[in-house]
Each structure stands twice: as structure tokens, then as C-alpha cells.
Amino acid sequence: MCGIVGYIGEKNCVPILINGLKRLEYRGYDSAGLGVLTNNHSVVIKNKGKVSLLEEKVQKTNLSGKVGIGHTRWATHGVPNEINAHPHYNTSRNLYVIHNGIIENFRTLKKGLEKLGYVFETETDSEVLPHLIDSFLKKGNPLFKAVRLALTEVEGTYGIAVVYEGEPDKIIAARKGSPLVLGLGDNENFIASDVSAILAHTKQVIYIEDGELVEVYKDKFIVKTITDNEIEKEIHEISMTLDEIDKGGFSHFMLKEIMEQPETISNSIRGRILFEKGTSRLGGLTEVVDRLVNSKRIIITACGTSWHAGLVGEYMFEQFCRIPTEVEYASEFRYRNPIINHDDTILFISQSGETADTLAALREAKLKGALVLGICNVVGSSIARETAAGVYTHAGPEIGVASTKAFTSQLVVLALITLLVARRKSMSQVDGRAIAEELMAIPDKINSILRLNDQIEKIASEFHDANNFLYLGRGYNFPVALEGALKLKEISYIHAEGYPAAEMKHGPIALIDENMPVVFIAPKDSTYDKIISNIEEVKARGGRTIAIATENDNGIDSLVDYTIKVPSTIRMLMPILTVIPLQLLAYHIAVKKGLNVDQPRNLAKSVTVE
Ligand code: M6R
């Protein structure tokens with residue numbers, strides 16, 4: 001998704017902006033640009049494609065300046081090309097704007113501005129902003145007021161940063177629905193859509209909220225509401241380190257993040273298990289635990305991989321907490337006027353904490369009076385801040401677009417919530433301890449699966465030229481089938497579908513032939529015999545099969561073409577283990593196809609527009 005970085009201070013902003021944009025690359029983008037105020041004029045340089053191409057272009061110019069803004073664009077309105085890239089500017093080319101989000105009423109605004117004589121040169125919605133601000137400057141307003149008044153006319157979402165030759169001592173930034181942080185330095189300040197862009201320079205940040213604007217100088221800042229009231233803001237200290245957002249010797253972030261899972265899961269569990277009592281301690285839920293335990297219904301709402309985690313959560317909550325649970329795509333939930341009662345708990349799961357649909361669903365649920373809880377990875381993200389309470393996954397920054405370690409940490413947190421609630425209801429101490437013990441053993445078990453990396457890479461060599469894949473699982477492992485298929489399609493561009501194994505007979509079996517690889521998630525559990533029958537059915541039709549099976553299951557080897565064995569654990573935790581080989585399989589297939597694993601085409605890490 002689009003990224004914003006801005007600098008004002010005593011240093012040359014150009015390398016700071018370029019490095020900031022590189023840090024934002026993981027979010028997904030198709031073009032990039034810089035706008036820099038130099039001593040007596042301003043310069044904009046934009047490029048289609050990678051930030052490295054922009055950097056080459058910038059290096060040829062000797063551009064330098066102490067105030068500037070940079071942007072990575074992910075096209076929504078208008079094709080990815082140089083002209084549509086940000087910054088956008090006014091006709092006099094002395095005012096520059098970068099914008100994340102979507103201006104929904106841009107056509108109306110554009111018509112009005114064209115009548116005033118403004119000429120548009122891009123296909124974007126964002127270009128209305130510099131012209132609109134310019135129209136307020138022309139009425140004699142100073143920059144801050146001009147931006148504020150312009151934004152009162154804008155419908156939609158935005159995170160923006162604005163620089164103007166006429167007032168070169170400041171950057172104006174504003175937020176409505178697109179994340180924005182102000183970074184505080186020593187005689188220098190920063191603006192970013194994501195702290196990773198400025199982490200090399202400061203750990204002191206202020207989160208700009210919806211409906212707020214900030215006037216940033218090198219040595220001070222003023223935050224106001226869109227209705228022009230000045231507000232005090234809290235300074236937060238970021239605990240994330242730069243090492244955490246580097247590749248650490250791995251060829252891709254995705255591989256690093258897969259390999260990190262024993263550690264990230266330990267981090268998700270640390271300090272949260274009360275083994276003697278057979279329960280968990282989740283500080284973020286203390287205030288709301290009674291309401292949660294007494295909920296008549298839990299609705300889990302999320303998108304993509306986080307939605308898959310929610311499906312596993314549904315099995316956990318219903319099996320152990322005995323609370324009816326539904327899982328819904330945030331994008332559907334937000335628009336269908338859902339029936340929400342005061343004794344419902346609505347749980348929002350999001351790695352980034354910024355997904356537009358999930359955030360909008362949260363606001364809808366809040367309005368209707370339900371208890372709203374979050375499971376987020378990014379500390380201080382919008383969803384984390386806007387929920388009544390919640391639990392952080394502590395998986396560390398996830399840079400690869402394909403979610404891996406965030407998913408397994410979400411499952412761990414869901415298991416911890418299950419323990420907390422179920423023990424307050426009917427679960428015995430002995431049963432609680434058994435779950436706690438298994439949870440604590442998960443990191444070592446993942447280590448043993450990661451040692452199968454070479455074996456999985458070999459299997460990937462056999463299948464990387466397939467055009468389609470089917471993933472089948474039952475019960476707790478049905479969501480794993482969906483997740484395995486999503487991982488493969490998003491990074492390898494191979495069409496893949498996940499199904500509950502029993503559904504195969506109701507349609508997908510028609511697809512089976514020697515060209516259709518089928519991945520079975522087949523651990524030894526109560527549905528094992530049924531899934532073995534499904535394997536037989538596929539084999540009978542010539543399908544090529546891979547099984548994710550449990551370590552002691554020797555019988556399955558002769559039934560399938562390839563087996564990947566994982567240690568055994570209790571059913572509710574099995575998805576944390578069975579998904580690991582599927583992450584590695586997708587990764588190796590994509591690498592063998594020579595694809596950009598960390599930034600797959602058309603995808604963004606954080607989907608902050610609808
Ligand atoms: O940040 P979120 O968890 O809210 O993101 C939700 C989805 O966009 C995300 O899980 C997406 O499906 C990933 N690319 C999957 O790997």
C-alpha cells in the first residue's frame with residue numbers, strides 16, 4: 001500500500017527520504033517519488049517501478065535540501081506510471097502533496113476546480129489536493145489553514161504530507177483513515193505512514209489520529225483538529241529495533257519470518273501462561289474478562305490470513321469455551337448492517353492493525369455497543385488503539401507480504417484466550433495444564449519441522465511448474481488448507497484452492513487428474529480415517545498427492561507420493577504445526593519460479609484502502 005515519509009531538519013533530506021522509502025517497500029507499491037525544497041526552489045522527481053530506480057535518477061541530479069517528502073504509490077486511480085506517481089503539485093509547481101488513501105468525491109472537487117481554471121495532468125484522485133489547497137492559499141490563507149479548509153471539503157480517506165515553497169520552514173500532515181506518525185528528533189522531525197520508515201533516526205513518536213493535522217517544524221510541532229482546536233499529544237517510545245526489520249542473512253524476509261517462528265511463538269507465550277493454575281494471564285484483557293466470559297456470542301472479524309486464524313479460533317472457542325462463535329470477512333460485516341447485541345464480543349484480528357475493512361468493521365461494531373477486542377501485531381496501530389482491549393501477538397515486524405509468523409502468533413493468542421475463558425467456565429485445571437504444556441512445547445516442535453526445509457525444497461522442485469493446486473483438510477485443519485492455498489497463490493501465482501476434505505466429492509473432484517497436485521493435511525486425529533479415504537479417491541483418479549502427516553504415521557507413506565511429517569500435539573494446536581510445511585512449500589515454489597517472494601505483484605502488505 002502507499003507509503004509516506006517526510007523530513008525537516010538540518011541534514012540533507014534526500015538520503016533520509018530514499019532510505020525511508022526503501023523501508024516502506026515491503027508494503028507493496030508500483031511507483032515512487034520525492035519532493036524537496038531546496039534553497040530557492042523546489043524539485044520533484046518521480047519514477048515508475050522500484051525505489052532503487054528513483055534513487056539512480058536522483059543521484060544524477062545532485063539534489064539536496066533540508067525539507068522534503070517521499071512517497072511509494074500503489075495504484076488505485078490511474079495506471080502506475082511516472083505522471084501518476086506522487087508528489088502531485090499545483091499549477092505553479094510550488095506546492096507538493098503526497099497522499100495515501102482514496103478521495104471519494106474527487107470527481108466533484110475536480111469539476112469545481114476546473115471551473116476555476118485549474119488544469120489536471122494525472123488520472124489520480126490525489127491530484128485534487130494540491131489544487132484545492134492552492135485555491136485556499138489564493139484566498140490569502142496561510143498554508144496550515146489552507147490545508148485544513150481544503151480537507152473539510154474532502155470525502156474519503158487520507159494520510160497526507162504537504163510542503164510549500166512559500167512557507168519552507170514546515171511540513172503539514174493530516175490523517176483520516178490512513179496511518180500517520182510524527183517522529184521526533186533533535187532539531188529535526190519526521191513524518192511517516194509506518195514507523196519502520198523513520199526508525200533509523202528516532203524511536204520517539206506521536207500517533208496522529210483521524211481528524212487531526214500537524215504543523216511540523218524542525219524544532220517544534222503543533223497538532224490541531226480539523227475544527228482548529230489545538231490538542232496535547234502523548235509521546236510513545238518504539239521498542240522495535242532496526243535489526244528486527246532487516247533480513248538477517250536470509251535471502252528473503254518471508255524465509256526469515258518462517259524460520260523465526262520458534263522465537264516469535266515463544267514471544268507470544270512469554271509471561272502469559274500460569275501453568276499451576278492451568279490458565280493464562282493476558283494483561284490487556286483484565287478489565288473486560290468478565291464481559292468476555294459472559295458473552296452470549298463471539299464474532300471474529302478479519303481479512304485474508306487473519307480471517308483464517310479466526311476460523312481456527314472459532315473451533316477453539318466453541319470446543320472449549322462453549323460460546324457460539326461466528327467468523328466473518330470484515331468487508332462483508334461492515335456493509336450488511338449486522339445484528340449486534342450488547343452481550344456480543346467482537347474480536348478483530350489484524351497483523352498490521354491498519355486494514356481498512358477491519359477498521360471500518362470495528363467502528364461499526366463499536367457504534368452498536370458490543371465489546372470490541374483486538375488481536376494485533378503492530379503496537380500502537382489503529383485497530384489496537386480503537387478497540388476497548390486486546391492482546392498483542394508480539395511476532396515482531398512482518399515485512400514479507402505473505403503473512404507467516406503473524407498467523408502462527410495469532411493462533412497462539414487465540415489459544416491463550418481460549419485457556420483464559422474456558423478455565424473461568426467449565427474447563428478443569430488438569431485439562432488447562434495439558435493445553436498449557438502443549439503450548440509451551442510448540443516452539444521446539446516447530447524447530448524440528450524447520451529442519452525439513454531441504455526435503456520440502458525438493459518437493460517444491462517436483463511441483464513448481466503445476467498450474468493448479470488443491471489443499472484439503474478437516475476440522476481444525478480446514479482453515480490450514482485455506483491458508484496453504486492462499487500462501488501459494490499470492491507468491492507463486494499458481495491457482496490454488498482450499499476445501500474441507502469432505503467437500504471434495506461435491507465438486508472439486510471433477511478437477512482431479514495427473515496434472516492436479518493435492519495437498520492433504522492429514523494428522524492422526526479423529527477424522528484421520530476419513531481423510532485417508534479422500535486420499536484414496538484422489539489416487540484412484542491419478543492425482544499427485546502430498547500429505548502433511550504426524551511423525552509416527554508410517555502407514556500413510558505408501559498411500560501418497562510425498563509425505564512431510566510433523567510432531568504430534570493436541571488438535572487445537574495442530575494448525576500451528578501443519579501450516580509450517582505449507583509456508584515453506586509455497587516459498588520454495590515461488591523462488592524456483594524466479595518470482596519476487598517478498599513483494600508479489602499487485603499485493604500490498606497493509607491494505608489501507610477498501
Ligand atoms: O494486516 P492484516 O492482518 O489485517 O491483513 C489482512 C490481509 O490483508 C493479509 O492477511 C493478507 O491476506 C496477507 N497477504 C496474507 O498473506
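First listed ligand is number 1; within each ligand, the first listed atom is number 1. When reading the values below, keep in mind they use all heavy atoms of this one structure, side chains included, and skip hydrogens, waters and symmetry mates.
- Geometrically, ligand 1 and Ser306 share a nitrogen or oxygen pair separated by less than 3.5 Å.
- Annotation for ligand 1: atoms under 4.0 Å from non-hydrogen atoms of Ser352 are 1 (O), 2 (P), 4 (O).
- Checked against a 3.5 angstrom limit, the closest N/O atoms of Glu490 and ligand 1 fall inside it.
- Residues meeting the ring pair (Phe, Tyr, Trp, His ring centres under 6.0 Å) test with Tyr315, sequence neighbours left out: Tyr476.
- The protein non-hydrogen atom at the shortest distance from atom 8 (O) of ligand 1 is Val607 CG2, 4.0 Å.
- At a heavy-atom cutoff of 4.0 Å, ligand 1 is contacted by the side chain of Lys487 but not by its backbone.
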Start with the C-alpha distance between Asn468 and His495, add both sets of side-chain angles, then the distance that settles side chain to side chain donor-acceptor pair (under 3.5 Å), and finish with yes or no. CA-CA 5 Å; Asn468 299 286; His495 169 243; 2.9 Å; yes

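- Set against the non-hydrogen atoms of Ala402, the atoms of ligand 1 under 4.0 Å away are 16 (O).
- Looking only at heavy atoms of the protein, atom 6 (C) of ligand 1 is closest to Cys303 O, 3.3 Å.
- With sequence neighbours excluded, the residues that form a ring pair (Phe, Tyr, Trp, His ring centres under 6.0 Å) with Phe469 are Phe463, Tyr471.
- From the protein, the heavy atom lying nearest to atom 15 (C) of ligand 1 is Thr305 OG1, 3.0 Å.
- For atom 4 (O) of ligand 1, the nearest non-hydrogen atom of the protein is Thr355 OG1, 2.4 Å.
- For Tyr207 and His236, the ring centers are positioned less than 6.0 Å apart.
- Screening Arg385, Arg175, Lys176 for a salt bridge (charged side-chain N to carboxylate O under 4.0 Å, His left out) with Asp210, the sole residue that qualifies is Arg175.
- With a 4.5 Å cut-off on side-chain heavy atoms, Val79 and Asp30 do not count as touching.
- Look at Glu260 and Lys405 and you find a salt bridge, because one of the NZ, NE, NH1 or NH2 atoms lies within 4.0 Å of a carboxylate O, short of that distance.
- Between Val401 and ligand 1, at least one pair of N/O atoms sits closer than 3.5 Å.
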